[in-house]
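Input: a single structure, listed below in structure tokens.
Please read these numbers as outputs of a predicted model, since none were measured by experiment. All heavy atoms count here, side chains included; hydrogens, waters and symmetry mates do not.
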Amino acid sequence: MSREPAQLSIGLLGPLSAVLNGRQVTPSAPKQRQVLALLALNAGRVVTVSTLIEELWGDRPPRSYATTLQTYIFQLRNALEAAVPDGTAGREILGTRHSGYLLEDATTDVDEFSSLAQEGRMAAETGDHRIASQRLAAALEVWRGPAMVDVRMGRVLELEAASLEETRLGVLNRRIDADLALGRHDDMLGELTLAAARNPMNEILCGFLMIALYRSGHVARSLAAFRKLRSVLNDELGVEPCPRMQRLQAAILSGDPALDSPSWSTTQLHADLFSGA
């Protein structure tokens, strides 16, 4: 009788979670969690021994680092093998290569998030704002909290987590952009006010808030949001808001009728800031 293939699912967008064939196999030891998180972020690709060493110990690895790393891999394999009856999952899923290790046949929530975000971006590029909003919202719902929130991170994982958060914020910006294009400005005021307060130097979010407030008839609050942004940027960085934000302020001051059209895409205002999102 053929055996069903082992299916390992790993959650990284929030607390670390590893489920193999329906059974929790999430390690509790901090170093093993680091190793698993780094391997999962690179599922299907070899993570070199040098990269693992940098993550676990930085510039000061112990003399026994090779043996210690092998022990972590051995313990992870044991946890995987304990989750399946015939005890082969560890060797099948966590492979050894000449230069390092890799997770094979593993799926992650990062993959799910990226796939949904890509579908949303493609819909937005074709002008289908409704589908864009749906797909981008679904991508954001994959997140259960900050990336790898309960993993002790070295500098490699810290960079990975920062990159994921930047991507998440870019997806949020695009979803808001799609919703504004659909004329949902009234419904978004609470969300945008909170998002701008949490990210006081984020010009894109401030711009979205200004547009939503203006379209909802709150012109004074819209201009106040710009003044607050300018004050924060001046105090913290010694700079003025970017030229596009200043043009948005001027458009609001003059009552530019183009701002009233829900079909007017706010990415026209923030196109340069969206690059790479």
Handout entry: Greater than 12 external heavy atoms within 6.0 Å of Arg144's CZ
Key =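 Atom CZ in Arg144 is packed in, count exceeds 12.
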Handout entry: Over 12 non-hydrogen atoms of neighbours within 6.0 angstrom of NZ in Lys228
Key =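 Open.
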State, to 0.1 Å, how close [X] and [Y] come at their nearest heavy-atom pair, and which atoms those are.
X      : Y      : answer
Arg121 : Leu136 : N-CD2, 4.2 Å
Cys206 : Met245 : SG-CE, 4.0 Å
Leu209 : Ala225 : CD2-CB, 4.2 Å

Practice task
Using distance alone, with no hydrogens and no angle criterion, decide if Asn234 and Ser231 have a side-chain donor and acceptor under 3.5 Å apart.
Solution key: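 Side chains of Asn234 and Ser231: no pair found under 3.5 Å.
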Exercise for the section: Please determine, by modelled atom types, if Ser216 and Arg221 share a side-chain donor-acceptor pair under 3.5 angstrom. Expected result: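 No - no donor-acceptor pair under 3.5 Å links their side chains.
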Exercise for the section: Would you check if the side chain of Gln246 reaches a backbone N or O of Pro241 as a donor-acceptor pair within less than 3.5 Å? Expected result: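 Yes; at least one donor-acceptor contact below 3.5 Å.
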Practice task
Please check if the side chain of Thr167 supplies one atom and the backbone of Ser163 the other of a donor-acceptor pair under 3.5 Å.
Solution key: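 Pair found, side chain donor or acceptor close to backbone of Ser163.
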Do you reckon [X] sits in the same ILVMFWY cluster as [Y], going by side-chain contacts under 4.5 Å, direct or chained?
X      : Y      : answer
Leu180 : Leu140 : yes
Val110 : Val19  : no
Leu253 : Met210 : yes

Handout entry: side chain to side chain donor-acceptor pair (under 3.5 Å): pairs with one or both residues in residues 41-56, sequence neighbours excluded
Key =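 Non-adjacent pairs meeting side chain to side chain donor-acceptor pair (under 3.5 Å): Gln34-Glu55, Asn42-Arg45, Thr48-Ser50, Thr48-Thr51, Glu54-Arg155.
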Practice task
Would you check, one step at a time, whether the test side-chain contact (heavy atoms from CB on, under 4.5 Å) holds for Glu166 with Leu169?
Solution key: CA-CA 5 Å; Glu166 183 177 352; Leu169 187 56; 5.8 Å; no
Practice task
Could you list who else is in Val46's hydrophobic cluster, with ILVMFWY side chains joined at under 4.5 Å, directly or through other members?
Solution key: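 Besides Val46, the cluster holds Leu102.
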Problem - Carboxylate-amine/guanidinium proximity below 4.0 Å for Arg97 and Glu104 - result: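 A salt bridge is present here (some side-chain N lies under 4.0 Å from a carboxylate O).
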Please round to the nearest 0.5 Å and tell me the distance separating atom [atom1] of [X] and atom [atom2] of [Y].
X      : Y      : atom1 : atom2 : value
Trp143 : Leu12  : CH2   : CG    : 9.5 Å
Leu80  : Ile93  : CG    : CD1   : 5.5 Å
Ile211 : Leu248 : CD1   : CG    : 5.0 Å
Asp179 : Arg184 : CG    : CZ    : 4.5 Å
Ile131 : Glu119 : CD1   : CD    : 9.5 Å
Ile73  : Leu36  : CD1   : CG    : 9.5 Å

Handout entry: Partner of Ile10 under side chain to side chain contact (heavy atoms under 4.5 Å, CB included), chosen from Thr107, Leu103, Asp109
Key =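 For Ile10, the side chain to side chain contact (heavy atoms under 4.5 Å, CB included) check succeeds only for Leu103.
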Exercise for the section: Flag the pair Tyr214 / Asp260 as yes when at least one side-chain heavy-atom distance between them is below 4.5 Å, and no otherwise. Expected result: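 The answer is yes; the side chains approach within 4.5 Å.
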